[in-house]
**Q** 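Sharing a structure with you now.
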Amino acid sequence: TERSARSSVKEQEYFAHVYLRDDNLAGVIFSDQEYNKRVAHSLLNKILDEFSKTVPSSQWPNLQENAANYNELPTMLSRYQVNKYSIREL
């Protein structure tokens, strides 16, 4: 994926939704076929925006996964839960 690009790649019955920002911060969401691509990319954008506000970019190159001071991911994911009948965006 090129900088400032969004991609959704299908592998069997799943999708990988990828967003690589200009500042080299990237995110990936794996979903089934029923999850809306627009919603996945909207979620990625919100997560990366919040992450970049919380964790300084100077820390990104050497940041260990457990060391990131970013605790909003579970909340963000719960806002975009999917059930069989609807996508919930709060």
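Values reported hereafter were calculated over all heavy atoms of this structure, with side chains retained and with hydrogens, waters and symmetry mates removed.
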**Q** For Leu44 and Arg21: C-alpha separation, side-chain torsions, deciding distance, then whether side-chain contact (heavy atoms from CB on, under 4.5 Å) applies.
**A** CA-CA 10 Å; Leu44 274 173; Arg21 297 179 2 157; over 6 Å; no

**Q** Just how far is it from atom CG of Leu73 to atom CZ of Phe51, taken to the nearest 0.5 Å?
**A**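 That separation rounds to 10.0 Å.
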
**Q** Look up atom CG in Asn71 and atom CE in Met76, then write down how far apart they are to the nearest 0.5 Å.
**A**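 If we round to the nearest 0.5 Å, Asn71:CG and Met76:CE are 13.0 Å apart.
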
**Q** Closer than 3.5 angstrom, by distance alone: can the side chain of Trp60 be matched with the main-chain N or O of Val55 as a donor-acceptor pair?
**A**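 Checking the backbone N and O of Val55 against the side chain of Trp60, a donor-acceptor pair under 3.5 Å is found.
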
**Q** Hey, could you give me the OG/OH distance between Ser7 and Tyr19, rounded to the nearest 0.5 Å?
**A**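 That separation rounds to 11.5 Å.
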
**Q** How long is the gap from CD on Glu72 to CZ on Arg79, to the nearest 0.5 Å?
**A**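 Rounded to the nearest 0.5 Å, the CD-CZ separation comes out at 7.5 Å.
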
**Q** Measure across Gln33 and Lys10 and return the closest heavy-atom pair with its distance rounded to 0.1 Å.
**A**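 Closest pair (atom of Gln33, atom of Lys10, distance): OE1-NZ, 3.8 Å.
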
**Q** Mind checking whether Val18 and Tyr14 sit in one hydrophobic cluster, side chains of I, L, V, M, F, W, Y counted as touching below 4.5 Å?
**A**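 Per the 4.5 Å side-chain linkage, Val18 and Tyr14 are not co-clustered.
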
**Q** Minimum heavy-atom separation for Gly27 and Leu48, please, with both atom names.
**A**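 Closest pair (atom of Gly27, atom of Leu48, distance): N-CD1, 3.8 Å.
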
**Q** Is a side-chain N or O of Ser42 found less than 3.5 angstrom from the main chain of Arg38, in a donor-acceptor match?
**A**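 Answer holds: no.
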
**Q** If you round to the nearest 0.5 Å, how far is CD1 of Ile29 from CG of Leu77?
**A**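 The distance works out to 7.0 Å.
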
**Q** Which label fits His17 and Tyr35: parallel for a plane angle under 30°, tilted from 30 to 60°, or perpendicular past 60°?
**A**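 His17 vs Tyr35 ring planes: tilted.
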
**Q** Under 6.0 Å from the CD atom of Gln64, do we count more than 12 heavy atoms belonging to anything else shown?
**A**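 It does not: Gln64 CD has 12 such atoms or fewer within range.
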
**Q** Do other residues, nucleotides or ligands put more than 12 heavy atoms under 6.0 Å from the CG atom of Asp22?
**A**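 Check passes, neighbour count above 12.
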
**Q** First locate atom CG of Leu63, then atom OH of Tyr70, and finally report the distance between them rounded to the nearest 0.5 Å.
**A**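 The distance works out to 13.0 Å.
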
